[in-house]
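This report concerns only the one structure given below.
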Protein chains: 2
Amino acid sequence: MALAEKTDKRVQLLIAAEQLFAEKGFDGTSVRDIAQLAEVNLAMISYYFGSKERLLKALIEYNFNLNIELLEDLSKNESISPMDKILQLADFYVDKFILKRRFHTIVSQEYNTGRSSEIKELITNFKMRNFERVKGILAEGQRKKVFRKVDPEMTMATLIGTINQVINSRNMYCILLRIDSDNEEDYRRKVTERLKIHFRQLLRSHLAAE
Amino acid sequence: MALAEKTDKRVQLLIAAEQLFAEKGFDGTSVRDIAQLAEVNLAMISYYFGSKERLLKALIEYNFNLNIELLEDLSKNESISPMDKILQLADFYVDKFILKRRFHTIVSQEYNTGRSSEIKELITNFKMRNFERVKGILAEGQRKKVFRKVDPEMTMATLIGTINQVINSRNMYCILLRIDSDNEEDYRRKVTERLKIHFRQLLRSHLAAE
DNA sequence: AAAAATCAATTAAACGTTTGTTTAATTTAA
DNA sequence: TTAAATTAAACAAACGTTTAATTGATTTTT
């Protein structure tokens, strides 16, 4: 708690907001909830971010700008086969989405219901960048005759949709996979492994040329 | 006639609530919004449903109890091969989820952020029923040596997750698939077809025994 | 080096709206 | 005449945001 007091209050607010927006939704969370969890005066939200909505925007912008260069490297790497490339990409998405599951839950919610077109554009751009990356690998694989012809948009929907489904139905998959919902570390490890194995089998048979 | 008029305003409220909850979220929608769109006095919400939350519960219960017998028939039918059975089930889910996309968006939102444990249990039960159905077909296919061994929980996540991804990122897929977002009928036809073809290819290669 | 000035950080309190719900009166239908 | 349906108005509580005052630390002036 002494460490928390030392930390920047701006960061404390972002952390608290991420947790609460994911658990109760943007409109279901009051600025007083956030301030209380962050142990910060509620006026600091306006002071640092201007408004509750700009706090959300800052949260989204910060998370979207993480790890982008990591993915660029993978896409350009010529020494990896398309199949390994897509499997590594799937692993990357699994790791990142599961690790930041709260944030990605917020993104899912906000893309539908959010009233801010600024935020919607942010999310659309992020999704587009990800899709272009997948589409590029699929095209490369087809050019090299190691992938068969598939629907790139639907394949993307399957990749991201499967992960989102597991994240956004966490309660259910904790029951099905017999995972203690309170043990976040155990949840992360088990779900990550199951998803990666599933994708290895699914993507191989879906993409491999006959 | 008399009965229809009696429940008329109740139905109008349910229809308006479905649209608004899907577009702006449960907490983002006020009872005044709903009453205005339904052209009904806002006190009628408490009169008919008791509260805003019980209105949501009524909406969910009503939609979950549709088409259940239709699915039971398919599962029990012994004259259909497991592969055709799972493909018909996928088609069924695609049709139903796309047709009732607004409702299923609400379900996705509310399963994470909703504070009512009653509603969460409703949704869990619905998801469980669907999973048991899929799991049964997968087991039958493996018993008859026409399916290989796959992860049932993850396969379910892929099936429902892919559809949900398309529904919950509607903006994005309208851009990608060059669909006029305002033409609901065109959207429904094109997305439904793309999803069904994709599933036919994906599930066949994923499930077929070598 | 002490005092004064400056500016960002922080606070409690108050602001005007909007929220979901209830009330009590009135209309409608049987 | 009775009960259900419908209404406008009122309710307290919660909402996001702003205010004006105060603190704390750093810089400037004396």
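Chain letters run A, B, ... following the sequence lines, proteins first and then strands; every chain starts at 1.
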Handout entry: Residue pair A:Phe147 / A:Ile86, side-chain heavy-atom distance below 4.5 Å
Key =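 Yes, at least one pair of side-chain atoms sits under 4.5 Å.
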Rounded to whole Å, please give me the gap between [atom1] in [X] and [atom2] in [N].
| X | N | atom1 | atom2 | answer |
| --- | --- | --- | --- | --- |
| A:Leu13 | D:dG16 | CG | C1' | 15 Å |
| B:Tyr48 | D:dT6 | OH | C1' | 9 Å |
| A:Lys24 | D:dA14 | NZ | C1' | 12 Å |
| B:Leu55 | C:dG20 | CG | P | 11 Å |
| B:Phe26 | C:dT19 | CZ | P | 13 Å |
| B:Asp8 | C:dA29 | CG | P | 13 Å |
| A:Asp27 | C:dT17 | CG | P | 20 Å |
| B:Lys9 | D:dT7 | NZ | C1' | 9 Å |

Problem - Salt-bridge contact B:Asp27-B:Arg115 (side-chain N to carboxylate O under 4.0 Å) - result: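 Salt bridge between B:Asp27 and B:Arg115, a charged N being under 4.0 Å from a carboxylate O: yes.
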Handout entry: Side-chain ion pair, B:Lys135 and B:Glu132, N-O less than 4.0 Å
Key =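 No, no charged N to carboxylate O under 4.0 Å.
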Exercise for the section: Check the angle between the aromatic planes of A:His104 and A:Phe97 and answer parallel, tilted or perpendicular using the 30° and 60° thresholds. Expected result: parallel
Completion exercise
As a check of understanding: the bend across the helix from C:dA1-D:dT30 to C:dA30-D:dT1, end axes from five pairs, rounded to 10 degrees, works out to 10°
For nucleotides 21-27 of chain C, list the nitrogen or oxygen atoms of the protein found under 3.5 Å from its nitrogen or oxygen atoms, one pair per line.
residue : atom : partner : partner atom : Å
C:dT21  : OP2  : B:Lys52 : N            : 2.8

Practice task
Verify, without hydrogens or angle tests, whether A:Glu110 (side chain) and A:Leu56 (backbone) share a donor-acceptor contact under 3.5 angstrom.
Solution key: no
Problem - Centroid separation B:Phe64 to B:Phe103 less than 6.0 Å - result: yes
Problem - Passing option when A:Asp151 is tested against B:Gln201, B:His198, B:Arg194 for side-chain hydrogen bond (donor to acceptor under 3.5 Å, both in side chains) - result: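 One option only clears the test, and that one is B:Arg194.
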Handout entry: Cation-pi check, B:Lys120 onto B:Tyr111 ring (under 6.0 Å, within 45° of axis)
Key = no
Handout entry: Cation-pi, A:Tyr187 ring and A:Arg101 (6.0 angstrom, 45 degrees)
Key =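 Positive - A:Arg101 is close enough to the ring of A:Tyr187 and near enough to its axis.
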Exercise for the section: Assign each of A:Ser30 and B:Met44 to its nearest nucleotide of DNA chain D by heavy atoms, then name whichever residue's nucleotide is nearer the 5' end. Expected result: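 The residue closer to the strand's 5' end, by nearest nucleotide, is B:Met44.
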